[in-house]
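Encoded as structure tokens, the structure appears first; notes follow it.
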Amino acid sequence: MTSHAAVQISAGAYTATIDPHGAGLATLLYDGKPLVAGYQHTRPFTAGALLAPWPNRTGDGIFSHHGTIYRLACNEADRNNALHGFAAEANWHVTEHSRSAVTLQWQGPARTEWAWPLHYSITWALADDGLSAELTVTNTGTETTHPGTESSPFGLGWHPYLSALGAPLDECTLSMSAATNLPLDPDRLLPAGPEIPATEIIDKQQHMAGIELDHCFRLEAPQTSSDHAAHRIELRNADGHGAILWADEHFSWCQVYTSPESAPSIGRAVAVEPMTCPPNALRSGESLLQLASASSTRFRFGISATSTPPHPKPTL
């Protein structure tokens, strides 16, 4: 089964739309009210997309791996950065679809600027406790067929704009357990110095009225390594209800961005972007993963309504 049309899934009080362009989350409703600032047709501001094989920015599009220099296209031309990887702009194939779940796959080919063929498979699933995603990434290269592919550098991000059941952002509170803030150059949004306490930038429970952000945070370490919802970030409205974003222990970083009122479809909203590494990780090596050839790595994340806290279960 292959298709590039948007796919709907539902379970209990939840409905979601998955966009094969980028395999991301286009809409998510709980009891008819939004948990993300979604879209119907054209995706605005990378909303809901998967960011791989690197999230965020690579300065000048240049990085080195095992002594070889690679040059990525700078698709953020005004800042001369390579932004958000390849997966967000790829057309993924729907391989399975049921009422409550859909699986999409994409083979990221080896290319001049990226030597490693990576296969991606994601299952988005709805249940009574919310939306979960399980992404498996496999380095399909071998040293024989693809020299230099003994390991692939890798980073992953996800780019949803949270919504507290449709409440205006300025009426909401964002709760996030951030340990530090990584200062970014305001012109290029690349790391510009050592980390500082997160509380110098954002409160642990930050009322969002008038707040403008485009900041990178290192999240506090999870209490247990076996917790599949190791990190939790919440956006609540004035009544205390809204959305819980959760992610597994791979996601030790988060970019938080507030879009302007003029943003198409989504208006003023907050993007909460869990990431496995910070900006420029292909160059700095900070938190950068290495995917061995012929091996797979699994990542889990999702969103639930605050009235139904997530209890994600490992896949058997």
Side-chain angles (χ1 to χ4, degrees), residues 22-23 49-59 61-73 82-90 92-93 95 103-124 132-158 218-219 221-222 224-231 247-254 273-301 312 314-316:
L50 299 177
L51 315 177
W54 74 92
N56 214 292
R57 294 165 174 85
T58 299
I62 298 172
F63 72 100
S64 150
H65 185 70
H66 291 180
T68 299
I69 300 296
Y70 294 90
R71 298 179 182 273
L72 303 165
L83 182 66
H84 288 338
F86 310 121
E89 298 305 325
W92 295 49
H93 296 281
T95 57
T103 298
L104 304 94
Q105 298 186 17
W106 175 58
Q107 177 66 52
R111 55 186 90 189
T112 301
E113 68 271 31
W114 189 268
W116 307 274
L118 301 178
H119 183 267
Y120 301 80
S121 178
I122 188 168
T123 297
W124 293 96
S132 65
E134 182 171 297
L135 172 68
T136 300
V137 183
T138 304
N139 181 352
T140 58
T142 67
E143 186 63 25
T144 300
T145 58
H146 296 89
T149 58
E150 63 277 1
S151 69
S152 168
F154 186 79
L156 173 66
W158 182 37
R218 187 193 293 266
L219 300 176
T224 62
S225 61
S226 61
D227 186 357
H228 287 272
H231 304 289
D248 71 20
E249 66 277 3
H250 289 101
F251 296 89
S252 53
W253 296 86
C254 188
E273 309 166 35
M275 305 182 298
T276 63
C277 57
N280 226 23
L282 286 176
R283 298 189 70 159
S284 70
E286 175 63 56
S287 304
L288 191 64
L289 300 174
Q290 300 292 330
L291 306 184
S293 61
S295 71
S296 298
T297 303
R298 185 177 67 179
F299 307 87
R300 303 191 74 245
F301 46 91
T315 301
L316 300 177

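This chain uses plain numbering: 1 for the first residue, then up along the sequence.
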Spacing of His84 atom NE2 and Thr58 atom OG1 [to the nearest 0.5 Å]: 11.0 Å

Any donor-acceptor N or O pair under 3.5 Å, side chains Thr136, Ser296: no

Side chain proximity check, Ile62 to Leu282, heavy atoms < 4.5 angstrom: no

Those residues that, when tested against Ser295, pass side-chain hydrogen bond (donor to acceptor under 3.5 Å, both in side chains) (two or more places apart): none

Any Phe299 side-chain heavy atom under 4.5 Å of Glu134 side chain: no

Minimum heavy-atom distance Ala82-Gly61, with the two atoms named: CB-CA, 3.9 Å

Main-chain N/O of Ala23 paired with Trp124 side-chain donor or acceptor, under 3.5 Å: yes

Flag, side chain of Trp116 to backbone of Pro153, donor-acceptor distance under 3.5 Å: no

Exercise: identify the closest heavy-atom pair between Ala110 and Ala115: CB-O, 3.4 Å

Arg111: side-chain contact (heavy atoms from CB on, under 4.5 Å) partners, not counting sequence neighbours: Phe86, Trp106, Pro109, Glu113, Trp114

Minimum-distance pair of heavy atoms, taken over all atoms of Ala247 and Pro274: CB-CB, 4.3 Å

4.5 Å side-chain heavy-atom contact, Asn139 and Phe154: no

Near-ring test Trp92/Tyr120, centroid separation under 6.0 angstrom: yes

Residues that Ser287 engages under side-chain hydrogen bond (donor to acceptor under 3.5 Å, both in side chains), provided they are two or more places apart: Trp253

Straight-line distance of Leu50 CG to Trp158 CH2, nearest 0.5 Å: 8.5 Å

Reported CG-to-CG distance for the pair Leu289 and Leu156, which is rounded to 0.5 angstrom: 8.5 Å

Close side-chain approach of Leu219 and Cys254, heavy atoms under 4.5 Å: yes

Thr138 side chain to Thr140 backbone, donor-acceptor under 3.5 Å: no

Distance in Å, Ile122 CD1 paired with Thr95 OG1, rounded so as to fall on 0.5 Å steps: 11.5 Å

Residues that Asn56 engages under side-chain hydrogen bond (donor to acceptor under 3.5 Å, both in side chains), provided they are two or more places apart: Gln255

Interatomic spacing from CG in Leu288 to CG in Asn280 - rounded to 0.5 Å: 11.0 Å

Polar side-chain atom of His66 near backbone of Ser151 as donor-acceptor pair, under 3.5 Å: no

Partner set under salt bridge (Lys or Arg N to Asp or Glu O under 4.0 Å) for Arg283, not counting sequence neighbours: Asp60

salt_bridge(Arg300, Glu249) N-O dist < 4.0 Å: no

Pair His231 and Phe251, ring centroids less than 6.0 Å apart: no

Residue pair Asp248 / Phe301, side-chain heavy-atom distance below 4.5 Å: no

Separation between OG1 of Thr297 and CG of Leu291, rounded to the nearest 0.5 Å: 4.5 Å

Listed partners of Ser121 passing side-chain hydrogen bond (donor to acceptor under 3.5 Å, both in side chains), at least two apart: none

Residues Glu286, Arg218; criterion side chain to side chain contact (heavy atoms under 4.5 Å, CB included); working and verdict: CA-CA 11 Å; Glu286 175 63 56; Arg218 187 193 293 266; 3.5 Å; yes

